[in-house]
K.L.:
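Structure below; questions to follow.
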Amino acid sequence: MAENDIISSETRPLLGRGVRLVHNEAQGGWVLLAPERVFKTDPIAVEIVKRCTGEATIAAIVDDLASTYSAPRERILADVTALLRTLADKKLLEI
Amino acid sequence: MTQNGAGNLHKPLGLLAELTHRCPLGCPYCSNPLALEPRAHELDTATWARVFREAASLGVLQVHLSGGEPGARRDLVEITTAARDAGLYTNLITSAVGITNKTLAALADAGLDHVQISIQDSEEKSADHIAGYEGAYAKKRSLAAEVVRLKMPLTVNAVIHRANIERISELVDLALALGASRVEIAHAQYYGWALKNRATLMPTREQVQQAANVVEDLRRRLHGKIVIDAVIPDYYARFPKPCVGGWGHRSLNVAPDGLVLPCHAAQSIPGLEFWSVREHSLTDIWENSPAFNAFRGTAWMQEPCASCPRRDEDFGGCRCQAYALTGDAAATDPVCHLSPNHARVETLAAERDTAPYDYRRM
Ligand code: SF4
Ligand code: SF4
């Protein structure tokens, strides 16, 4: 899809207005909410989403997460790209 | 990350807050009950605020501020603020008539997360005729533009029936032009006022088939540009829709007078005992109210549902429809082709007339 090709290492992702991380005890922690949609998040997704502020590039987000969690860069990159693609397809990301 | 759907949380995710039954429009397919609550019976601001706090601690994540027309409430901004303060994701479901630009700006400041505007048709004259309100279409367009200008995400909701089913493509184009990120193509569901107007609203089988092809086509063409969600017309389906994701399973509905319902049409089933937020906490209602427990799980089912492999998928279909069409709320939803009453649905779907709309009025 042409739209997704703009997800490159220099993209500075920003969560769309209407997409929000919410903490709810009864549901067991963080969930990502969007119009008529509820996403259960794992801890890594929460950390990715928190960094989508429109300031950091994808490359910087991946570096940051790789060093914070001492995880292999390629794995983090794959996670970040997959998550952002899902959000972009659903029109939940401003890029 | 998984999208919640199969997840078995046993906690409600969504709460439909029917703030009022008052509405300036008269859509003949309105899902509100035929007996509408007058203003004097409506819950006050403080009670709604308490309901939202109780909802959040029960596990509810999203609140849909709906009606009637929620803009008919003078305290809509306070109500929205209270929902946000409770930590809920707030979705306004509006006809756009009765919400001024000034109110909208105040709602945006209060943290409103999402706006859904209904549009009756892509052609102005037809749209206003369906709504029973002159000037509704223009008002909707202008409020939609304002939502986008304020950078709030916009969904356009289009209820589909015989008068507009040939213009689904134009309706989606309109949603795109208005800057919506999501559009709902929702075939009318026949309870409440829609049941009353069924013979006038019901499309033909060929129209429904054609409409499905159009939606599929649009989805392919507009992937990544706009999300198209569709609600299928169940009179022509082989299997029923899964009733609210399971009765008392994922959502609840607070009516204007404070009664808590498993679904917006539940009061059409006689003999169910509903509890009110005026006397009970939301958690108590969710866990113990007789209406919520009436059709939870599968123990209440009859054949053919009781031994059907699909029973955990569609929950035997819609309870309100089972009652409306068979007189027994525990029967298999007759839109299911396995139902012994299925022939009745085919007969009803074929009944069409051109009687004028019986508009929803208080
Ligand atoms: S019983 Fe279920 S499907 Fe039927 S109207 Fe109520 S919620 Fe909707
Ligand atoms: S028989 Fe009941 S459970 Fe089986 S598909 Fe039909 S409605 Fe669903």
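Only a predicted model underlies this, so the values are computations on that prediction, with no experimental measurement involved. Per chain, numbering begins at 1; letters A, B, ... match sequence-line order.
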K.L.:
State whether the side chain of Y89(B) and the backbone N or O of E36(A) hold a donor-acceptor pair below 3.5 Å, judged by distance alone.
P.N.:
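No; zero donor-acceptor contacts below 3.5 Å.
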
K.L.:
What part of L222(B) gets closer than 4.5 Å to chain A, counting heavy atoms only: side chain, backbone, both or neither?
P.N.:
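No part of L222(B) comes within 4.5 Å of chain A.
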
K.L.:
How far does CG of L13(B) sit from CD of Q27(A), to the nearest 0.5 angstrom?
P.N.:
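One gets 5.0 Å once the value is rounded to the nearest 0.5 Å.
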
K.L.:
For K151(B), I'd like to know if atom NZ has over 12 heavy atoms of other residues, nucleotides or ligands within 6.0 Å.
P.N.:
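It does not: K151(B) NZ has 12 such atoms or fewer within range.
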
K.L.:
Under 4.5 Å heavy-atom distance to chain A, tell me which part of V115(B) shows up: side chain, backbone, both or neither.
P.N.:
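It is neither, since no heavy atom gets under 4.5 Å.
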
K.L.:
List the atom of P153(B), the atom of G18(A), and the distance in Å for their closest heavy-atom pair.
P.N.:
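The answer is CG-CA, 3.6 Å.
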
K.L.:
To the nearest 0.5 Å, what is the distance between CG on L61(B) and CZ on R20(A)?
P.N.:
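The CZ atom of R20(A) is 10.5 Å from CG of L61(B), to the nearest 0.5 Å.
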
K.L.:
Hey, does the side chain of Q62(B) reach the backbone of R37(A) with a donor-acceptor pair shorter than 3.5 angstrom?
P.N.:
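Confirmed, Q62(B) side chain pairs with R37(A) backbone.
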
K.L.:
Look only at the side chain of D89(A) and the backbone of H223(B), and say whether a donor-acceptor pair between them is shorter than 3.5 Å.
P.N.:
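Flag not set: sc D89(A) to bb H223(B) has no pair under 3.5 Å.
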
K.L.:
I'd like to know whether CZ of R73(A) has more than 12 heavy-atom contacts from other residues, nucleotides or ligands below 6.0 angstrom.
P.N.:
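Buried by this count: over 12 neighbours within 6.0 Å.
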
K.L.:
Of the backbone (N, CA, C, O) and the side chain (C-beta and beyond), which part of S181(B) lies under 4.5 Å from a heavy atom of chain A, both, or neither?
P.N.:
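The answer is both parts of S181(B).
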
K.L.:
Measure the spacing between CG of L58(B) and CD of E25(A) and express it to the nearest 0.5 Å.
P.N.:
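With rounding to 0.5 Å, CG (L58(B)) is 14.0 Å from CD (E25(A)).
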
